[in-house]
J.: 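Supplied in structure tokens, the structure appears directly below.
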Amino acid sequence: MKKLLVVGLMMSGFAFGQIKQDTLDKEYKLEVAPKKEKKQKPNPLSKKGQVFVFFGWNRGAFSNSDIHFTGNGYDFQLNNVQARDKPTKFGIVYFDPSWFTVTQYNFRIGYFIKDNLALVLGIDHMKYVMKQNQTVDFSGTISDPKYAGMVQNGQVNLADEQFLTFEHTDGLNYENLGLEKYRNLVHKKNIDLVWSYGAGIGVMFPKSNIKLFGNERSDRFHVAGMGTDLRTSLNMVFWKNWMIRAEAKAGYINMWDIKTTLNNKPDKARQDFVFGQVLAGIGYTFNTKKYN
């Protein structure tokens with residue numbers, strides 16, 4: 001009987017010790033949780049939720065265009081009118097914020113709605129100046145004998161500025177919304193090279209400086225039409241955030257309501273043309289969501 005009692009006590013002690021050990025093991029396992037892995041910072045211009053801003057300067061070129069003028073006492077068209085851009089001479093004006101609208105500038109803000117796909121809001125402040133020293137073909141009618149007399153053999157010489165001066169220099173403002181697809185070409189520790197391509201559409205909001213037939217010059221902002229474009233860019237991103245951007249784009253502009261005189265007169269002009277643009281500048285890209 002004593003032997004049975006000793007064996008029972010030994011077995012119960014062993015079982016109690018095993019339960020205690022199992023409990024300690026469970027408690028230890030609960031206390032030592034696996035270490036949370038730190039998330040890596042995503043590549044720039046690649047992930048949903050990222051944002052970038054950009055400011056730069058452009059040069060532009062424009063195809064010849066037919067400009068149709070209508071108003072009280074006239075309805076005529078000038079054919080194959082040549083125009084150019086008007087870059088500001090390089091200097092402090094390019095870096096002084098109080099003068100930034102004087103230059104031919106570009107502004108962008110982009111938000112990645114999906115990985116590698118950004119919705120981009122942009123302002124392209126181009127400048128369009130009709131070349132004054134040119135003779136163009138004329139068709140239509142003018143009731144004023146002074147200006148009708150300037151038409152010779154179906155052509156009119158614009159050189160003396162009496163017949164017409166015509167420009168969008170404050171400026172040829174293309175306010176657009178675009179979709180851009182991005183692809184990382186080079187990924188190093190402190191540098192990324194990212195290519196993008198896309199398209200945009202927007203409204204034309206020029207401040208047209210026009211003087212027709214000696215009338216007081218029209219010089220006011222006005223929604224005059226629409227534009228659309230195709231674009232591509234190379235983006236060099238340093239230290240994941242700072243960006244140098246070079247972009248090329250080509251597009252089409254149609255303005256059917258260009259104001260040519262003051263005081264809300266019915267006088268107006270319309271024109272359409274193809275444009276090309278190259279631009280470069282600096283920007284900054286960052287994340288809107290935490291990554292660690």
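Keep in mind the model is a prediction, meaning the values are calculated, not measured. Sequential numbering from 1 along the given sequence is applied to the chain's residues.
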J.: Do the two ring centres, one from Y182 and one from W195, sit under 6.0 Å apart?
T.: no
J.: Taking atom NZ of K114 as the centre, report whether more than 12 heavy atoms of other residues, nucleotides or ligands fall under 6.0 Å from it.
T.: no
J.: I'd like to know if the side chain of Y147 reaches the main chain of F213, judged simply by a donor and an acceptor atom lying under 3.5 Å from each other, with no hydrogens or angles considered.
T.: yes
J.: How far does CE of M236 sit from CG of L193, to the nearest 0.5 angstrom?
T.: 5.0 Å
J.: Is there a side-chain contact between R84 and Q82 (heavy atoms, below 4.5 Å)?
T.: no
J.: Can you tell me how far the OH atom of Y252 sits from the OG1 atom of T228, to the nearest 0.5 Å?
T.: 10.5 Å
J.: If you compare all heavy atoms of V194 against all heavy atoms of P44, which two are closest, and at what distance to 0.1 Å?
T.: CG2-O, 4.3 Å
J.: Consider only side-chain heavy atoms of I, L, V, M, F, W and Y, link residues closer than 4.5 Å, and tell whether M243 and Y197 are in one cluster.
T.: no
J.: Within a 6.0 Å radius of atom CD1 on I191, are there more than 12 heavy atoms belonging to other residues, nucleotides or ligands?
T.: yes
J.: Check whether any side-chain heavy atom of F275 sits under 4.5 Å from a side-chain heavy atom of D229, and report yes or no.
T.: yes
J.: Can you see which heavy atom on D85 is nearest to which on G60, and at what distance?
T.: OD2-N, 3.1 Å
J.: Would you say N133 has more than 12 foreign heavy atoms packed within less than 6.0 Å of its CG?
T.: no
J.: Between Q77 and H68, is any pair of side-chain heavy atoms under 4.5 Å apart?
T.: yes
J.: For the side-chain contact (heavy atoms from CB on, under 4.5 Å) test, which of I142, T135, L78 pairs with V156?
T.: L78
J.: With rounding to the nearest 0.5 Å, note down the distance linking OG1 in T232 to CD in E180.
T.: 9.0 Å
J.: Do N157 and M150 have side chains that approach each other closer than 4.5 Å (heavy atoms only, starting at C-beta)?
T.: no
J.: Would you say Q271 and M255 make side-chain contact, with heavy atoms under 4.5 Å?
T.: yes
J.: Between D115 and K47, which heavy-atom pair has the shortest distance, and what is it?
T.: OD1-CA, 3.6 Å
J.: Testing the 3.5 Å rule here: is there a donor-acceptor pair between the side chains of D137 and N80?
T.: no
J.: Quick check: are there more than 12 heavy atoms from other residues, nucleotides or ligands sitting under 6.0 Å from CG of N153?
T.: no
J.: In Å, rounded to the nearest 0.5 Å, how long is the span from CG of D192 to CG of N235?
T.: 10.5 Å
J.: Of the non-hydrogen atoms in P87 and Q104, which two are nearest, and what is the gap between them?
T.: N-OE1, 3.4 Å
J.: In terms of relative ring orientation, are F69 and F166 parallel, tilted or perpendicular, with 30° and 60° separating the classes?
T.: perpendicular
J.: Check whether any side-chain heavy atom of L279 lies under 4.5 Å from a side-chain heavy atom of R108, and answer yes or no.
T.: yes
J.: If the plane angle is over 60° it's perpendicular, under 30° parallel, otherwise tilted; pick one for F205 and F221.
T.: parallel
J.: With hydrophobic residues grouped by side-chain heavy-atom distances under 4.5 Å, do F76 and I210 end up in a single group?
T.: yes
J.: Y105 pairs by ring pair (Phe, Tyr, Trp, His ring centres under 6.0 Å) with which of W57, F54, F55?
T.: F55
J.: Would F52 end up clustered with W239 when hydrophobic side chains under 4.5 Å apart are linked, directly or stepwise?
T.: no
J.: Is there a donor-acceptor pair closer than 3.5 Å between any side-chain N or O of S63 and the backbone N or O of V274?
T.: yes
J.: Please report the closest heavy-atom contact between L164 and Q132, naming both atoms and the distance.
T.: O-NE2, 2.8 Å
J.: Are I109 and V203 linked, directly or through intermediate hydrophobic residues, by side-chain heavy-atom contacts shorter than 4.5 Å (ILVMFWY only)?
T.: no
J.: Answer yes or no: is there a side-chain heavy-atom contact under 4.5 Å between I201 and L177?
T.: no
J.: What pair of heavy atoms forms the shortest contact from S65 to D272, and how long is it?
T.: CB-O, 3.3 Å
J.: State whether a side-chain donor-acceptor pair under 3.5 Å links R245 with N106.
T.: no
J.: For the backbone of L158 and the side chain of Q134, can you confirm whether one donor and one acceptor N or O come within less than 3.5 Å of each other?
T.: no
J.: Surrounding CH2 of W256 (heavy atoms of other residues, nucleotides or ligands, distance under 6.0 Å), is the total greater than 12?
T.: yes
J.: How many angstroms lie between CD1 in I67 and CZ in F273, if you round to the nearest 0.5 Å?
T.: 9.0 Å
J.: Would you say M204 and I123 are hydrophobically clustered, going by side-chain heavy atoms of ILVMFWY under 4.5 Å?
T.: no
J.: Rounded to the nearest 0.5 Å, what separation is found between the CZ atom of R183 and the CG atom of L45?
T.: 15.0 Å
J.: Taking Q162 for its side chain and A159 for its backbone only, find out whether a donor-acceptor pair lies under 3.5 Å.
T.: no
J.: Please confirm whether the backbone N or O of H125 pairs with a side-chain atom of N173, one donor and one acceptor, at under 3.5 Å?
T.: no
J.: Counting N and O atoms only, with roles assigned by atom type, does the side chain of D144 sit under 3.5 Å from a partner on the main chain of K146, one being a donor and the other an acceptor?
T.: yes
J.: If you count every heavy atom of other residues, nucleotides or ligands that lies below 6.0 Å from K207 atom NZ, does the total exceed 12?
T.: yes
J.: Side chains of T169 and N209: is there a donor and an acceptor less than 3.5 Å apart?
T.: yes
J.: Is any side-chain heavy atom of D257 closer than 4.5 Å to a side-chain heavy atom of K259?
T.: yes
